[in-house]
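One structure is given here, and the rest of the page talks about it.
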Amino acid sequence: MENSVPPSDKVSIKASDLRGILEYVPLYRGQTFVVAIDGSVVACDNFANVITDIAVLRSLGINVVVVCGIGKQLKDAGVQKGVKLSDVYGDSPVDDQTLSLAREVSASTLQIVVDAFSTKNIRCVSTNAVRATEFGIVSGVDFQNAGRIEKIDFATLQNLLSLGMIPVMSPMAVNRDGRIFRINSDLLASDVASGLDATKLIFLTETRGLLSNDEKALAVPLNDVEKIMREREALLDFRVPSKVQNAVKALQTGRTQRAHILDGRDFACLLTELFEKVGCGTMIYSDEYQKIRKATADDVSTIYNLSKNSTRSQNLVYRSRDEIAEKIDTYFVYEMDGSIIAFVSLLDITEGSAELASLHVQPFYQGHDVGTHMVDFIVREATNAGFKKLFALSTKSAPFFSGVCKFDEVSPTELPSERLKKYEASARNSKVFLKKLS
């Protein structure tokens with residue numbers, strides 16, 4: 001396979017961008033990405049560069065699982081051997097001839113991928129961690145050798161990742177009795193991502209997904225995907241609907257937060273998408289509120305450690321690890337790519353009033369509306385809980401609460417009596433802000 005040098009106008013990542021990449025290392029280290037590579041990308045001139053991109057991810061401490069497609073290889077083999085294929089992508093009936101050819105090209109494609117990793121001195125292993133069962137008869141149509149996923153051995157995949165290995169998976173699997181089936185690689189990647197709690201599901205294909213005209217990148221909230229698909233249906237490559245459908249499937253589990261559809265023929269597409277602010281393809285992401293969840297006991301140490309810097313700068317009142325643990329059920333955290341980047345507490349301060357307390361956003365994410373989303377979320381939670389007033393106290397964030405979040409500055413005497421006593425005893429002289437809830 002030819003490893004061509006891309007023209008300079010295609011190169012997005014340069015050595016000078018390393019500093020920008022390193023900003024993301026603490027966020028991504030230890031996370032798991034599932035990368036689904038279409039057969040057409042395995043066969044293209046840029047495939048060696050894709051392997052280099054994955055090597056960079058591994059060097060940064062990111063776990064990677066690779067799922068291979070075989071569509072192009074199967075079509076080419078069918079033409080070469082004069083076999084009329086009943087199915088190409090594993091989503092239609094698969095007759096015996098097609099299955100036999102799919103087995104051949106799956107094995108050869110897997111070997112190409114394994115060999116490519118070997119050239120980068122990266123350890124990988126092809127695995128039979130998937131058990132299939134027959135697709136069966138649908139609307140009177142027998143799908144013959146087409147299979148659906150019955151079980152994935154996630155413990156084995158996790159063990160391989162813990163050993164520093166890259167599991168490489170093909171769209172072929174056997175049932176309990178050893179009968180082999182052809183399965184859809186997009187579906188396999190989706191199920192692997194959600195089962196491993198992968199923070200990213202990345203599809204590399206011959207299109208950039210939902211982009212149209214001269215758009216350079218596109219970020220689509222999960223709730224808007226169906227609308228965008230309808231609006232751009234006539235413009236989309238035939239490969240896109242399957243990837244979007246399976247991206248949505250993974251995101252709806254709540255375990256995978258972002259899915260990307262990238263053109264695998266573009267040099268450094270993976271690194272550009274992951275480490276540049278704009279990116280280079282389609283990203284589908286969970287709704288902002290879906291990134292905010294109730295804190296658990298497992299989050300106590302993280303909240304405590306993140307709060308220490310703000311305590312030193314007097315943005316937050318100091319709270320010990322034990323105090324945080326005692327009131328952990330009042331905390332909410334904003335999670336991105338599996339890491340907590342912000343937290344806030346909602347306190348009942350009696351007399352039908354609540355307090356938005358301990359709001360903290362990690363410095364790298366300040367100025368990106370994370371704090372605003374947290375406040376909006378707490379307003380919604382307080383309203384749903386039946387509170388009539390929501391207070392916020394701050395020594396340094398007056399413009400944020402009054403100008404951005406539209407709280408009214410009020411006299412401390414507006415606070416409920418017990419909270420007013422604590423306010424006076426603290427001697428912090430915080431400004432008091434109020435939002436009346438409907």
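Not measured: the values here are computed from a predicted model.
Taking the charged nitrogens against the carboxylate oxygens, Glu134 and Arg179 do have a contact shorter than 4.0 Å, which makes a salt bridge. Using a 4.0 Å cut-off between a side-chain N of Lys or Arg and a carboxylate O of Asp or Glu, Asp299 and Arg293 qualify as a salt bridge. Taking a cutoff of 4.0 Å between a charged side-chain nitrogen and a carboxylate oxygen, Glu381 and Lys294 do not qualify as a salt bridge. Ion pairing between a basic and an acidic side chain is recognised when a charged N comes within 4.0 Å of a carboxylate O; Glu150 and Arg176 show such pairing.
Under the 4.5 Å side-chain criterion, counting only non-hydrogen atoms from C-beta, Arg232 is in contact with Leu218. Between Glu335 and Gln257, the closest side-chain pair of non-hydrogen atoms falls below 4.5 Å. Between Ser358 and Arg319, some side-chain heavy-atom pair lies under the 4.5 Å cut-off. Between Thr372 and Phe400, some side-chain heavy-atom pair lies under the 4.5 Å cut-off. Under the 4.5 Å side-chain criterion, counting only non-hydrogen atoms from C-beta, Asn246 is not in contact with Lys243. Using a 4.5 Å heavy-atom threshold, the side chains of Phe33 and Leu201 count as separate. Contact check for Phe343 versus Ser345: no side-chain heavy atoms found under the 4.5 Å cut-off. Annotation: side chain of Ile149 is in contact with side chain of Ile152 (closest heavy-atom distance under 4.5 Å).
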Any chance you could lay out the side chain to side chain donor-acceptor pair (under 3.5 Å) test for Asn145 and Asp96, step after step, and finish with the verdict?
CA-CA 7 Å; Asn145 300 300; Asp96 290 344; 2.9 Å; yes
With side-chain contact (heavy atoms from CB on, under 4.5 Å) as the test, would you mind laying out the steps for Gln144 and Leu99 before giving the verdict?
CA-CA 10 Å; Gln144 303 176 68; Leu99 178 68; over 6 Å; no
Evaluate the criterion side-chain contact (heavy atoms from CB on, under 4.5 Å) for residue pair Ser339 and Gln31; output intermediate values, then yes/no.
CA-CA 9 Å; Ser339 298; Gln31 303 302 318; 3.8 Å; yes
Give the C-alpha distance, both sets of side-chain angles, the deciding distance and a yes or no for side-chain contact (heavy atoms from CB on, under 4.5 Å) between Phe135 and Val138.
CA-CA 8 Å; Phe135 204 90; Val138 180; 3.6 Å; yes
Is there a side chain to side chain donor-acceptor pair (under 3.5 Å) between Ser286 and Arg258? Walk through the geometry before answering.
CA-CA 7 Å; Ser286 298; Arg258 295 188 178 189; over 6 Å; no
Under the criterion salt bridge (charged side-chain N to carboxylate O under 4.0 Å, His left out), I'd like the reasoning laid out for Glu104 against Lys81: C-alpha separation, chi angles, the key distance, then a yes or no.
CA-CA 12 Å; Glu104 290 181 27; Lys81 298 190 176 186; 2.7 Å; yes
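Within 6.0 Å of CG on Asn121 lie no more than 12 heavy atoms contributed by other residues, nucleotides or ligands. More than 12 heavy atoms of other residues, nucleotides or ligands shown are found within 6.0 angstrom of CD on Glu215. With a 6.0 Å radius and a threshold of 12 heavy atoms from other residues, nucleotides or ligands, Glu326 has its CD atom at or below the threshold. Counting heavy atoms of neighbouring residues, nucleotides and ligands inside a 6.0 Å radius, atom CZ of Arg58 exceeds 12 of them. Within a 6.0 Å sphere centred on CG of Asn128, other residues, nucleotides and ligands contribute 12 heavy atoms or fewer. Heavy-atom contacts from other residues, nucleotides or ligands closer than 6.0 Å to NZ of Lys435 number more than 12.
In terms of modelled atom types and a separation under 3.5 Å, the side chain of Thr256 and the main chain of Ala198 share a donor-acceptor contact. At least one donor-acceptor pair closer than 3.5 Å links the side chain of Asp87 to the backbone N or O of Ser92. Here the side chain of Ser86 pairs a donor or acceptor atom with the backbone of Asp95 at under 3.5 angstrom. Looking at Asp224, its side chain never comes within 3.5 Å of a backbone N or O of Val220 through a donor-acceptor pair. Proximity of a side-chain donor or acceptor of Thr253 to a complementary backbone N or O of Lys249 within less than 3.5 Å is not detected. The main-chain N or O of Gly178 is found under 3.5 Å from a side-chain atom of Asn175 such that the two form a donor-acceptor pair. A distance-only check finds a donor-acceptor pair linking the side chain of Asn184 to the backbone of Leu187 [under 3.5 Å]. Of the possible polar contacts, one joining the Glu273 side chain to the Gly281 backbone as a donor-acceptor pair under 3.5 Å is found.
Defined by atom type and a distance below 3.5 Å, a donor-acceptor pair is present between the side-chain atoms of Asp186 and Ser242. Asp38 and Thr205 share a donor-acceptor pair across their side chains, judged by distance under 3.5 Å alone. For the residue pair Asp115/Ser118, the side-chain donor-acceptor check at 3.5 Å is not satisfied. Under 3.5 Å, the side chains of Gln80 and Asp76 contain no donor-acceptor pair of N or O atoms.
Interatomic distance, CD of Glu226 versus CD of Glu231, reported as 11.0 Å (0.5 Å rounding). Lys72 NZ to Leu74 CG: the interatomic distance, rounded to the nearest 0.5 Å, is 11.5 Å. With rounding to the nearest 0.5 angstrom, the CG atom of Leu196 is 6.5 Å from the CG atom of Leu161. The distance from atom NE2 of His260 to atom CE of Met283, rounded to the nearest 0.5 Å, is 6.0 Å.
Contact record, Leu359 with Gly371: CD2-O, 4.5 Å, taken as the closest heavy-atom pair. Of all the heavy atoms in Ile70 and Arg182, the pair that sits closest is CG1-NH2, 3.7 Å.
With ring centers used as reference points, Tyr334 lies 6.0 Å or more from Phe377. Remark: aromatic rings of Phe401 and Phe433 are close, center separation under 6.0 Å.
Ring geometry, Phe238 versus Tyr89: the interplanar angle falls from 30° to 60°, so the pair is classed tilted.
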